[in-house]
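To start, the structure under review is shown below, and the notes come after it.
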Amino acid sequence: MFSARTAWDRTPNLLSARLEMLERRGGSPLDLTVTSPAECGLAQDEAWLRAVLASQPLGAYAPEPLGQRVARQALARDLTRLGAHLEPGQLVLSASTSEAYSWLFALLCDADDSVLVPAPSYPLLPYLAELSSVELRAFPLPEDPLGSLDLDGLEAVADESTRAVVLVSPANPTGWLLAEPDQARLDALCARRGWALIVDEVFVEFPRRGRPARSSAARPAEALTFVLQGLSKSLGLPGWKLAWTAVLGPAPERDEALARMELIADTHLSVAAPAQRALQDLLAGAAAWRARVGLRLDQNARLLQDARPADAVWDVMPSAGGWTAVLRLPHTADEIEVCLALLEAGVQVQPGHFYDFPRGRWLILSLLPPPARFAEGVERLSRTLDRLFPRR
Ligand SMILES: Cc1ncc(COP(=O)(O)O)c(C=O)c1O
């Protein structure tokens, strides 16, 4: 009765099974995987959100498939902060960036076409691709967060079925950043091969190491290019269900893409009208919250660094942006065994293989939890890693 593509293995993995058992026994480890700002004491101000909605007519509805003009105008103005100078007509609203991916796969791919994706990358992509009958081909990302892309390695996994390249910048979970020279080389390659470029920059507002936030839509594109962003991360409001795609590239392809996307969007009309109407006020009031999140990320990154003994055999990887930290474990480590030992010690983190790292052994932590909880968590983590992997 059901489609083969939804026949996923839903048996709980070892870690969730162990977590459930611990919780049944009354223990609940410190959760260093949580990435919901609202659960980390970083909720948006309720009174402000109410005021933003109160100033909008809530019952009115005039469907505009690509998104309300006023919302797209406000967005185009706001994106100049990130160096992008776009016409409102180049912006397409959707309910989420996940939905935008599905729309782009529908726009660019027929069944069994392929899309090149970075490894590591975030775990939702394979599901989104499977639901669209698209094949993902992984190419490795540099370990250095400012390292240069290996375009030969990327081309090596492509063939005539390839329609697009996806990059996440800053990357989830590693914080690798698509730097301007790399973007220029990749843009030229995509234009030459007739591929579209999709840049997911949901974490663009959270650069680290004092770098300015700059959009991948800030440079003119030779290849048909889609840059994805949304309220989910940029304002910590995943429940408001509003994201956007900037469409760039040579006019004929870009306009054809927009015309087709208008039809795709029209079949769903998925973005709530009140959220669109509120967008201008939301964007105007976002700076203070982003500054709070930025401070939290910096503070927790320092706590993590301080928790690592100088002669430890595990490392905290450098990052150029985003909400997560990556730890490198010795290559003999078994990620699941380490995560289970950490759960026993009262701290929950994710194993690297959730993100399809092509090599190495890794742990992934969210940098959002409240600092007192985070400090206690990384203390337990450090003690446990010390026991499992004696210092040099
Ligand atoms: C890199 C990346 N892209 C997209 C998403 C999905 O965001 P949205 O809530 O807009 O679908 C996530 C969610 O964690 C993400 O990490």
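Ligands are counted one by one from 1 in listed order, and the atoms in each one are counted from 1 as well. Side-chain atoms are counted along with the backbone in the values below, which use heavy atoms only and exclude waters and symmetry mates.
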**Fill in**
Tracing side-chain contacts under 4.5 Å among Ile, Leu, Val, Met, Phe, Trp and Tyr outward from I364 reaches L14, L15, L19, L22, M317, V326, I336, L340, L343, F354, Y355, F357, W362
**Message:** Assess whether a salt bridge exists between E180 and R219, defined as any Lys/Arg side-chain N lying under 4.0 Å from an Asp/Glu carboxylate O.
**Reply:** yes
**Asked** Which parts of the protein, at residue level, reach under 4.0 Å of ligand 1 through a heavy atom?
**Response** S96, T97, S98, Y122, V168, N172, D200, V202, F203, S232, K233
**Pairing of D182 and R185 as salt bridge, 4.0 angstrom limit** = yes
**Prompt:** Residues two or more places apart in sequence or in another chain: which of them pass side chain to side chain donor-acceptor pair (under 3.5 Å) with S232?
**Reply:** none
**Message:** Could you work out, with side chain to side chain donor-acceptor pair (under 3.5 Å) as the rule, every residue matching D266, not counting sequence neighbours?
**Reply:** none
**Request:** Taking only Lys NZ, Arg NE, NH1 and NH2, and the carboxylate oxygens of Asp or Glu, determine whether R290 and E205 approach each other closer than 4.0 Å.
**Result:** yes
